[in-house]
Number of protein chains: 2
Amino acid sequence: MTAFDELMVYQRETEALSQIAGRLGWDQETMMPRGAAPQRAEESGALEAVIHARRTAPQVGDLLAAAEAPDQAGAAQLRLIKRSFERTQRVPADLATTLARLTSRAQGNWAEARENNDFAAFAPVLQEVVRLKREEGAALADGGDTYDALMDDYEPGATGAQLQAMFDEMRPGLVALRERALNHPERAAVSGSYDPQQQMKLARELAKLFGYDMARGRLDKAVHPFSSGSGDDVRITTRTSKTDPFNCIYSTIHEVGHACYEQRIDRDYVLTPVGQGVSMGVHESQSRIYENQLGRSRAFCGWLFEQMRDRFGDMGVADADEFYATVNRLHRGFIRTEADEVQYNLHIMLRFDLERALISGDLAVADLEAAWNDRFAADFGYAVTRASDGCLQDVHWSVGLFGYFPTYSLGNVYAGCLHEALRQAVPDLDAQLATGDLAEATAWLGENVQQHGGLYEPRELITRACGAEPTAGPLMAYIEEKFGALYPA
Amino acid sequence: MTAFDELMVYQRETEALSQIAGRLGWDQETMMPRGAAPQRAEESGALEAVIHARRTAPQVGDLLAAAEAPDQAGAAQLRLIKRSFERTQRVPADLATTLARLTSRAQGNWAEARENNDFAAFAPVLQEVVRLKREEGAALADGGDTYDALMDDYEPGATGAQLQAMFDEMRPGLVALRERALNHPERAAVSGSYDPQQQMKLARELAKLFGYDMARGRLDKAVHPFSSGSGDDVRITTRTSKTDPFNCIYSTIHEVGHACYEQRIDRDYVLTPVGQGVSMGVHESQSRIYENQLGRSRAFCGWLFEQMRDRFGDMGVADADEFYATVNRLHRGFIRTEADEVQYNLHIMLRFDLERALISGDLAVADLEAAWNDRFAADFGYAVTRASDGCLQDVHWSVGLFGYFPTYSLGNVYAGCLHEALRQAVPDLDAQLATGDLAEATAWLGENVQQHGGLYEPRELITRACGAEPTAGPLMAYIEEKFGALYPA
């Protein structure tokens, strides 16, 4: 057996264990009895320790040094294994352990602080998380930029400077559009009551329509929608609200985008490092294009309107145009996860700037709440009145996720590029969407993005799919056109 | 840290991983998408390899040699770790691997042969399984009895000779009782149709009534009912039949018996070797006493009759007495898992004698079908006409479970002893059961059996609970009295 083959056998076992860890995570959010939480923490910890030991084992380094890639996919495997191995080698074991313990505790502190709207109670813990993440980032950066090094875990190759330039280009247009839209009279949500069972039935049908393979997955309810797993066991969750059916519907379509990416990766890559989505940004591009550019398009909304009217009766909207406007309505709100396509990116930019400043040391944790509220007022035009609506709304920082937020907007930017290329490849896309036919659109994404898994680096993948380097241009043009029409000047 | 403490930390991690393996098994039978099966096999295989490597690691031997037990529970821990470690050391790694591969394949061959009623197609594979199990047993026995050595995996300390004597004592009475009962006109099953959702609702209520803690478990449907897990995450499954509500009800109560054993083990033992049921026989004693001595008693049936009549309406039985007789009816059948309290033990004795003869070499695999059918006719009084009703009905032998069957009847015997002791401890038990009150009965079992986990050896545990060495006497007296009254001479 060659060193390469030996490394791949070893790696395959590690990936198999890692899939099990993912399945446990799914179980915890969907099926686990509540009283099992402490025992589960210990069980998961034991499995994580095994996986960590395997990923950092000296034999991985030895095999990497000796392995020669037999082909392009093999080269990608080695690149990914090497990146992961070198990262674990750079972070001192003590620091990794301290961080894991701290963030596990900090998540609880954050939840309590959010409950009480009390940022001051959380600040000391967050300060410690920031201090250790700076330390970790510096160790990873090896002389380079600390924030970029942290971001590399989620979006390999992306830099803060690059994103900064992209976001600077987007922000004025988004702020102006948001301002114009919110000067219009606020459009009401749908009226009526929506049976949760009927919503789940529709969600299952939509999942299949968008190409999700139910024989290799399942849809359940959870507090927060998510997708989990790779290959032949990719599960998704959604949630239902009796008054807002779009929560269930668009959460489902969003997670189906993530899940189809994992389900459609080339079968040769399953249970290998190349056998999963290449970055958070590309992953989000799939969930977003399914949810927004396809699912919230005028054409598809026409079809969905008929479906929903048949199932749920009167929704308080007169026709498909009004339905489309309601699905895409902008309204004042503080919460990122509930934001529309325009305001969502403003949420991300706010977080991106603040977390970069926290990591660089330009912003002290003690000043974070004030900085958040000032920036929010400037970008959104209304004031945050409680921390749970402001800097305590997201779990990310408490668990040490710095450099993760920008991948959401990068995903939107990639989705914009892919959408433009898709429209060129499928000129009658709208006619298809108008009949609820997603087959060609999702097949194009499968062919050009999803099947490749981690074969190419993120930007390279998008560039190959679109025939041009990704820029914010297509996304901004799409947003300006769509929301410019919905909220004319 | 002492060697003992170090060993326990190590062991705790192993037990945690082992609990995860159990959870995967549960997932596979209840939630897993069908298309995920091959990938899951690989994932589970990776986890099993990790657990096996940990259990057989030389450091376990080193720590065992150095460890000193700090107390009685510690001594039990060392005893169990030592037994498990020594057994893995005795079986050559090659043999263990070959057996694992063979039995994985043989299970498929068995399922196919059963489907086709074709024992001859399965015989060559079974012959190879028997050959390897004899080899494994001989390695484990280290000069002692091969069958006893195999049985030790399921019922430590029990011997074939001891069980033979016990079964010889039981068999004539059971055969006679069976004969007398089947000379009565056959009692009909209940009539009517039973809504599966209502059955599951009742099953959940019964589970709680029998002391199952739903906050640390859950009840789902599966093809074969089972209980899985220890400590704070013990899940059970049942099944429903629209015409036979007792399938769901008594499967649930049976699995609740298993599950309560695992849920009620002293919290100090969770995720340690002592923190699980001590043997298959004792485990079965809990499921059986819940299901039969309590759940199928005249007193409880009176209460259950009212419950079911209120929920399901007319069942075709006139009153509680007739209901009780129907629940406990004997009828001609070939399948062990569907057998009543009388015939069930005859099923076990048949298998016990045949598998001992297979392992000793007194019976050739080629002669198994004829031997089965002869013995069946003798003990049951009617003839097997197809192999799926005969020697192909159980999965056990195909997966290498030799020495497992007798633990089912041993469980019945233990249940008989515990039931006698329970009735002495709780003189008004019937009055309680008649109101659906299981609290005192299950608390007594929790106190005297379940809390101890693996602290005592199986026979010692039952002896301490009952104040006397276990014998078949109490079970036989109970059966003779109950079924003697239902089927008078």
Side-chain angles (χ1 to χ4, degrees), chain A residues 9-28 30-51 53-54 212-220 228-236 259 262-263 267 270-272 275, chain B residues 9-28 30-51 53-54 212-220 228-236 259 262-263 267 270-272 275:
Chain A
V9 167
Y10 180 90
Q11 201 67 36
R12 215 177 152 85
E13 289 163 1
T14 310
E15 296 300 333
L17 295 171
S18 169
Q19 286 296 312
I20 293 174
R23 215 79 68 236
L24 284 184
W26 171 85
D27 182 83
Q28 194 163 331
T30 55
M31 300 293 162
M32 188 182 82
R34 61 188 158 72
Q39 183 173 324
R40 170 60 61 85
E42 186 165 351
E43 291 167 9
S44 293
L47 182 58
E48 290 300 342
V50 169
I51 294 170
R54 289 184 66 93
Y212 181 59
D213 182 356
M214 280 284 184
R216 302 188 294 137
R218 53 178 293 138
L219 173 65
D220 295 278
S228 149
S230 295
D232 289 341
D233 196 347
V234 186
R235 307 184 185 185
I236 56 175
E262 296 291 337
Q263 283 190 331
R267 298 195 66 79
V270 170
L271 295 183
T272 74
Chain B
V9 166
Y10 180 91
Q11 202 67 36
R12 215 178 151 88
E13 288 163 0
T14 310
E15 297 300 333
L17 295 170
S18 170
Q19 284 297 311
I20 292 174
R23 213 80 68 234
L24 284 184
W26 170 86
D27 183 82
Q28 193 163 334
T30 55
M31 300 292 160
M32 189 182 80
R34 60 188 160 75
Q39 182 173 323
R40 170 60 61 86
E42 186 166 350
E43 291 167 7
S44 294
L47 183 58
E48 289 302 341
V50 169
I51 294 169
R54 290 185 64 94
Y212 180 58
D213 181 356
M214 280 283 184
R216 301 188 296 137
R218 51 179 292 138
L219 172 65
D220 295 276
S228 152
S230 295
D232 288 340
D233 195 347
V234 186
R235 306 182 186 186
I236 57 175
E262 295 292 336
Q263 283 191 331
R267 299 195 66 79
V270 171
L271 297 182
T272 75

Is the shortest side-chain heavy-atom distance between [X] and [Y] below 4.5 Å?
| X | Y | result |
| --- | --- | --- |
| A:Leu271 | B:Glu43 | yes |
| A:Arg218 | B:Met32 | no |
| B:Arg235 | A:Met31 | yes |
| A:Glu42 | B:Glu13 | no |

So for [X], is it side chain, backbone, both, or neither that comes closer than 4.5 Å to the heavy atoms of chain A?
| X | answer |
| --- | --- |
| B:Val270 | side chain |
| B:Arg23 | side chain |
| B:Leu47 | both |
| B:Met214 | backbone |

**Report entry** Point-to-point distance, once rounded to the nearest 0.5 Å, from CG of A:Asp233 to CD of B:Gln28
**Finding:**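 Here the interatomic distance stands at 10.0 Å.
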Report task. Measure distances from A:Thr14 to the heavy atoms of chain B and classify the residue's part below 4.5 Å as side chain, backbone, both or neither. Result ->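 Contact with chain B is absent: no heavy atom of A:Thr14 under 4.5 Å.
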Query raised in the report: Quick one: what part of A:Asp213 sits under 4.5 Å from any heavy atom of chain B, side chain, backbone, both or neither?
Result: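 Contact with chain B involves no heavy atom of A:Asp213 at all.
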If you count heavy-atom pairs under 4.5 Å with chain B, which of [options] comes out on top?
| options | answer |
| --- | --- |
| A:Asp27, A:Leu24, A:Val234 | A:Asp27 |
| A:Ser18, A:Ala49, A:Ala215, A:Gly45 | A:Ala215 |
| A:Ser44, A:Pro38, A:Ala46 | A:Ala46 |
| A:Glu15, A:Arg54, A:Arg216, A:Gln39 | A:Gln39 |

Query - Where B:Ala36 and A:Asp232 come nearest, the two heavy atoms and their spacing - result: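 Minimum heavy-atom separation between B:Ala36 and A:Asp232: CB-O, 3.2 Å.
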